[in-house]
Amino acid sequence: MNKRNSKTVMIFTSVICLVLAGSIIYLLVGTLRLNRETRALDEQFAQEQEKTRETIDKLKEQEAAIDTETADISEPEPSPTPESLLVSILDCLQGETLKESSLYMDNPGIYFTAQQIFDGDEIYQRAESRINPDKSGLSLSELRYLKMPYYNIKGEIQVGEMVVKASVSQEVLDGCLELFRQKQQIVSMNLEDHIWIEEDDAVSIIEKLKS
């Protein structure tokens with residue numbers, strides 16, 4: 001009986017040992033497999049990181065090349081905006097120099113103006129000795145004060161002025177506008193020397209400006 005029990009204990013112990021050994025082997029195999037998978041994932045992650053770094057380096061090189069090309073290109077001067085352009089010449093002083101970039105050069109006619117002269121106003125006070133009705137024999141309503149841009153002998157645009165008869169004022173403005181478009185240089189156009197109230201012919205006034 002004791003021999004039978006001993007044999008049974010030995011068999012049971014052997015079975016347990018086999019089970020434990022199997023379990024240990026299974027765990028070892030699983031651990032080895034997990035280690036291999038972990039190493040494979042680490043290698044894959046390292047490869048992805050390397051690809052990412054290469055991509056970043058290429059993007060930086062492209063960005064640097066773009067910056068270099070941009071630096072080599074000179075920026076054009078900004079075109080004038082409507083807000084920066086002069087809409088009227090009336091507030092400009094006689095002889096004031098203007099830049100083409102400040103004017104509506106595609107429609108310069110807006111700067112060629114004619115104004116009626118009134119007794120006591122600033123224009124009358126400046127030219128009274130020449131346009132006084134008692135001296136000129138002409139009423140102020142028969143005269144017009146013209147203000148316009150013109151090209152001086154240096155090729156610069158200046159503000160000019162003159163007084164002419166109202167009957168020829170529009171023709172004089174048209175003629176002066178044509179000279180301006182042609183960039184015809186004029187020696188001067190100031191009020192002191194350009195009061196032409198004896199002239200009845202706009203053409204003669206334009207010719208005098210050109211001479």
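In what follows, residues are counted from 1 in the order of the sequence shown. Owing to the predicted nature of the structure, the values given are computational and were not obtained by experimental measurement.
- Note that CD1 of Ile123 is 11.0 Å distant from CZ of Arg144, once rounded to the nearest 0.5 Å.
- Each of Gln115, Glu161, Gln116, Glu122 was checked for a side-chain hydrogen bond (donor to acceptor under 3.5 Å, both in side chains) with Tyr145, and the lone residue meeting it is Glu161.
- Closest non-hydrogen pair, Ser101 versus Leu85, comes out as O-CD2, 3.2 Å.
- The side-chain contact (heavy atoms from CB on, under 4.5 Å) check on Ile186 picks up Tyr150, Leu179, Met189, Leu209, with sequence neighbours excluded.
- Tested against Tyr124, the residues Asp119, Val163, Leu143 include a single side-chain contact (heavy atoms from CB on, under 4.5 Å) partner, Asp119.
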Please assess Lys208 against Glu199 for the test side-chain contact (heavy atoms from CB on, under 4.5 Å), listing each intermediate value before the final yes or no.
CA-CA 11 Å; Lys208 288 179 179 179; Glu199 301 289 342; 2.4 Å; yes
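- For the pair Ile206/Cys176, a side-chain contact is recorded, criterion being any heavy-atom separation below 4.5 Å from C-beta on.
- If you chain together hydrophobic residues whose side chains sit under 4.5 Å apart, Met105 and Leu177 fall into the same group.
- Considering only heavy atoms from C-beta on, Ile110 stays 4.5 Å or farther from Val87 through its side chain.
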Verdict with supporting geometry, Val159 and Leu98, side-chain contact (heavy atoms from CB on, under 4.5 Å)
CA-CA 8 Å; Val159 177; Leu98 305 175; 3.9 Å; yes
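- Between the Asp121 side chain and the Phe118 main chain, a donor and an acceptor come within less than 3.5 Å of each other.
- Closest approach of Ser141 to Ala166, counting heavy atoms only: O-CB, 4.2 Å.
- A 4.5 Å side-chain heavy-atom check between Met148 and Met162 finds at least one atom pair inside the cut-off.
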Report the C-alpha separation of Thr113 and Tyr111 in whole Å, then their side-chain angles, then the decisive distance to 0.1 Å, and conclude whether the side-chain contact (heavy atoms from CB on, under 4.5 Å) test is met.
CA-CA 6 Å; Thr113 63; Tyr111 305 115; 6.0 Å; no
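- No donor-acceptor distance shorter than 3.5 angstrom exists from the side chain of Lys135 to the backbone of Arg130, with no hydrogens or angles considered.
- Around the CG atom of Asp193, the shell of radius 6.0 Å holds more than 12 heavy atoms that belong to other residues, nucleotides or ligands.
- Judged by distance alone, with hydrogens and angles left aside, the side-chain atoms of Glu142 form a donor-acceptor pair with the main-chain N or O of Ser139 at under 3.5 Å.
- Taking Lys154 as the reference, Asn152, Glu156 meet the side-chain contact (heavy atoms from CB on, under 4.5 Å) condition, with sequence neighbours excluded.
- Residues Asp134 and Asn132 come closest through the heavy atom pair N-OD1, 2.8 Å.
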His194 vs Ser188, side-chain contact (heavy atoms from CB on, under 4.5 Å): CA-CA, chis, key distance, verdict
CA-CA 9 Å; His194 293 76; Ser188 67; 3.5 Å; yes
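- Counting heavy atoms from C-beta on, the side chains of Phe180 and Phe112 come closer than 4.5 Å.
- Side-chain contact between Glu100 and Lys183 is present, with heavy atoms from C-beta onward closer than 4.5 Å.
- Residues Val164 and Ile197 form no side-chain contact, since every pair of their non-hydrogen atoms from C-beta on lies 4.5 Å or further apart.
- Side-chain N or O atoms of Gln158 include one that pairs as donor or acceptor with a backbone N or O of Gly95 at under 3.5 Å.
- One hydrophobic cluster, built from ILVMFWY side chains closer than 4.5 Å, cannot hold both Ile131 and Val168; they sit in different ones.
- Ion pairing between Glu171 and Lys165 fails under the 4.0 Å rule for side-chain N and carboxylate O.
- Atom-to-atom distance recorded for Gln94:CD and Leu191:CG is 7.5 Å, nearest 0.5 angstrom.
- Considering all non-hydrogen atoms of both residues, Pro133 and Leu140 come closest at CG-CG, 4.3 Å.
- Atom CG of Asn190 and atom CZ of Arg126 lie 9.0 Å apart (nearest 0.5 Å).
- Here the OG atom belonging to Ser129 is positioned 6.5 Å from the CD1 atom belonging to Ile195, to the nearest 0.5 angstrom.
- Using modelled atom types and a 3.5 Å distance limit, the side chains of Glu207 and Ser204 yield no donor-acceptor pair.
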